[in-house]
2 protein chains.
Amino acid sequence: MKTKKKIFVIDDEADIQEIIRINLENEGYEVSTFSSAEEAEKYLEKIFPDLIILDVMMDGIDGYDFCKLLKSSNDYRNIPVIFLSAKTDELDKVVGLELGGDDYMTKPFGIKELKSRVKAHLRRTAKSAGNEKNEITYKEVSLNPENYSLKIDGDYVALTKTEFEILYMFMKHPSKIFSRDNIIDSIKGEDVFVVDRTIDVHIMNLRKKLGKYKNLIKTFSGVGYGFRE
Amino acid sequence: MKTKKKIFVIDDEADIQEIIRINLENEGYEVSTFSSAEEAEKYLEKIFPDLIILDVMMDGIDGYDFCKLLKSSNDYRNIPVIFLSAKTDELDKVVGLELGGDDYMTKPFGIKELKSRVKAHLRRTAKSAGNEKNEITYKEVSLNPENYSLKIDGDYVALTKTEFEILYMFMKHPSKIFSRDNIIDSIKGEDVFVVDRTIDVHIMNLRKKLGKYKNLIKTFSGVGYGFRE
DNA sequence: ATTAATTTTAACAAAATATTTATATTTTAA
DNA sequence: TTAAAATATAAATATTTTGTTAAAATTAAT
């Protein structure tokens, strides 16, 4: 929810590029397309992709070599690569060369297949990148990421996802003040536009759920909100 | 169910290799064939097989010796070996030598026999690897791994395999929320591509079967599902 | 090779949540 | 103290997510 996953599509056929772009953008990914490996290479320093979709046969540096290049770099080694090819035997070669334990699709491929493979790979890397959240406790209030709940004096109160995210952010940095824009950006992503008052409503709902501890959330007029005594 | 079981087939007759490969791949195993023990040995480091099918008579290292080699290694000792031989008396020798308490088949062998023996051995190792599941009980609901059944107030309700796996995971970690992706990964494996709403249907079916206890499965909107009061 | 069982998908209804709008209340600053 | 600015609240609306059903696809069993 925070930031979009970035995907590079490297294929010299413009229409393949577009089919993939449209479908993946539709799924909420940020897609950059390139017609050659050289072109993509230049952008690697600017944008760090979460996944690369790579055609095997291309002019200049072909898919095999580009992948080898990636896998020999510490920075890029762990980016999953999905190979594309029109011919099965080309893919055999990829598999045989053991260019990295990623994935392979033959053209023409189904859109559904594409989407689900992309999703599966991103799911996998998300897992290995330790982004677990830990329980945070303040006095008699504790926020539990395992079940998105709030324990107040021993009683459990359910939070919605957004409420949880906001409160988590607050409690993670108590005594820090967050502007409404801060909050919107980190909860929804930078390209999401909602009216400021929306945050007020979430804050209000959180305070209700905090019951007698509602004043732990402080309003800083003209600035924003924060969590503290 | 998570990943394919890997089987090595070591036999110098190419057609035997193929018959076995086709039939076992058909059963969902990942099969690697080798024409000699030496060849197989090289691959042991790359691929750790769950089971080995081994011809007794071969040029170079024969089946007896290869098996002895395996059994003398801590790493490979526990891989079950199924011996193949054209002659019964050769197998007698294997048994006599006590090369490990595995299994023996004479050529020609029936496909059905092969499959069931393979399955039996894999089942056995799976068990000894401490993956046994124990009965879990919560209030008047208990989940029995022996027969994938659910006992509710004394009545038995049959679960399908997937239903069982999901509920087992839930009850093993009550009060934890699992995302749909979490569930797919642990039930089906990371390389399986299904639409995540599939889980909703399983949840619904589980709730139906839970009858009056259906509300033990909670929905956490935007997050996932979990088991709790 | 059929049949049956299970799993998956797709479509739409229902529910939950998020956002906006409108208005009341509080805070700020001159 | 008072007008302007900012926030709180409640109610209305929009959006997202989930529940449910039925049909299609896959898998297992006969």
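In what follows, every chain begins at residue 1, and chains take the letters A, B, ... in the order their sequences are listed.
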(message) Nearest whole Å is fine: how far is D:dT21 C1' from B:Asp200 CG?
(response) 13 Å
Below 3.5 Å is the cut-off: list the nitrogen or oxygen pairs between protein and nucleotides 5-7 of chain C, distance only.
from  : atom 1 : to       : atom 2 : distance (Å)
C:dT7 : OP1    : B:Thr160 : OG1    : 3.4
C:dT7 : OP1    : B:Thr162 : N      : 3.1
C:dT7 : OP1    : B:Thr162 : OG1    : 2.1
C:dT7 : OP2    : B:Thr160 : OG1    : 2.6
C:dT7 : O5'    : B:Thr162 : OG1    : 3.2

(message) Please verify the inter-ring angle class for B:Tyr138 with B:Phe227; under 30° counts as parallel, over 60° as perpendicular, anything in between as tilted.
(response) perpendicular
(request) Let me have a per-nucleotide readout for nucleotides 22-30 of chain D, 5' to 3', with B, S or -, counting only protein heavy atoms under 4.0 Å. (result) ---------
(message) Less than 4.5 Å apart, side chain to side chain, heavy atoms only: is that true for A:Pro49 and A:Ile79?
(response) yes
(request) Output, in order, the C-alpha distance, side-chain angles, deciding distance and verdict of ring pair (Phe, Tyr, Trp, His ring centres under 6.0 Å) for A:Phe8 and A:Tyr43. (result) CA-CA 10 Å; A:Phe8 275 19; A:Tyr43 274 81; 7.4 Å; no
(message) Is the phosphate of D:dG19 approached by B:Thr219 (side-chain N or O, under 4.0 Å from OP1 or OP2)?
(response) yes
(request) When you get a sec, tell me which of D:dT21, C:dT27, D:dA10 is the closest nucleotide to the side chain of B:Met204? (result) D:dT21
(request) Could you check which of D:dA8, D:dG19, C:dA16 has an atom nearest any side-chain atom of B:Arg207? (result) D:dG19
(message) To the nearest 0.5 Å, what is the distance between CG on A:Leu70 and CG on A:Leu54?
(response) 7.5 Å
(message) Quick check for you: among D:dA8, D:dT18, D:dT9, whose closest atom lies nearest to any side-chain atom of B:Arg180?
(response) D:dT18
(request) Take the protein atom CZ of A:Arg197 and the nucleotide atom C1' of C:dT20, then report the distance between them rounded to whole Å. (result) 11 Å
(request) Indicate whether OP1 or OP2 belonging to D:dA10 is found under 4.0 Å from a side-chain N or O atom of A:Lys208. (result) yes
(message) Return whichever of B:Gly224 or A:Ser221 has its heavy-atom-nearest nucleotide of DNA chain D closer to the 5' end.
(response) A:Ser221
(message) Distance check needed: D:dT20 P versus B:Ile203 CD1, whole Å only.
(response) 12 Å
(request) Only pairs at least two apart or in different chains count here, so list each salt bridge (charged side-chain N to carboxylate O under 4.0 Å, His left out) that has a residue in residues 138-151 of chain A. (result) A:Lys139-A:Glu229
(message) Could you tell me how far apart B:Phe220 (CZ) and D:dG19 (P) are, to the nearest whole angstrom?
(response) 12 Å
(request) Look at atom NZ of B:Lys172 and say whether more than 12 heavy atoms of other residues, nucleotides or ligands are closer to it than 6.0 Å. (result) no
(request) Output yes when A:Lys209 and A:Glu163 qualify as a salt bridge under the 4.0 Å nitrogen-oxygen rule, no when they do not. (result) yes
(request) Measure the distance from CG on A:Asn215 to C1' on D:dA8 and round it to the nearest whole Å. (result) 15 Å
(request) Apply side chain to side chain donor-acceptor pair (under 3.5 Å) to B:Arg228 and A:Ser149, showing your working. (result) CA-CA 12 Å; B:Arg228 67 155 87 174; A:Ser149 77; 4.9 Å; no
(message) Check the phosphate of D:dA8 against A:Tyr225, side-chain N and O only, distance under 4.0 Å to OP1 or OP2. Yes or no?
(response) yes
(request) Can you tell me the distance, in whole Å, between the CD1 atom of A:Ile183 and the P atom of C:dT19? (result) 12 Å
(message) Please report the distance, rounded to the nearest Å, between CD1 in B:Ile184 and C1' in C:dT9.
(response) 13 Å
(request) Find the partner of C:dA30: check Watson-Crick (N1-N3 plus N6-O4 or O6-N4) and G-U wobble (N1-O2, O6-N3) distances, both under 3.5 Å, and reply none if neither fits. (result) D:dT1
(request) Taking the six-membered ring for Trp and the single ring otherwise, decide whether the centroids of A:Phe164 and A:Tyr148 are under 6.0 Å apart. (result) yes
(message) What is the distance, to the nearest angstrom, from the CD1 atom on B:Ile199 to the P atom on D:dT20?
(response) 16 Å
(request) Of all the heavy-atom pairs spanning B:Pro80 and B:Asp50, show the shortest one and how long it is. (result) CD-O, 3.2 Å
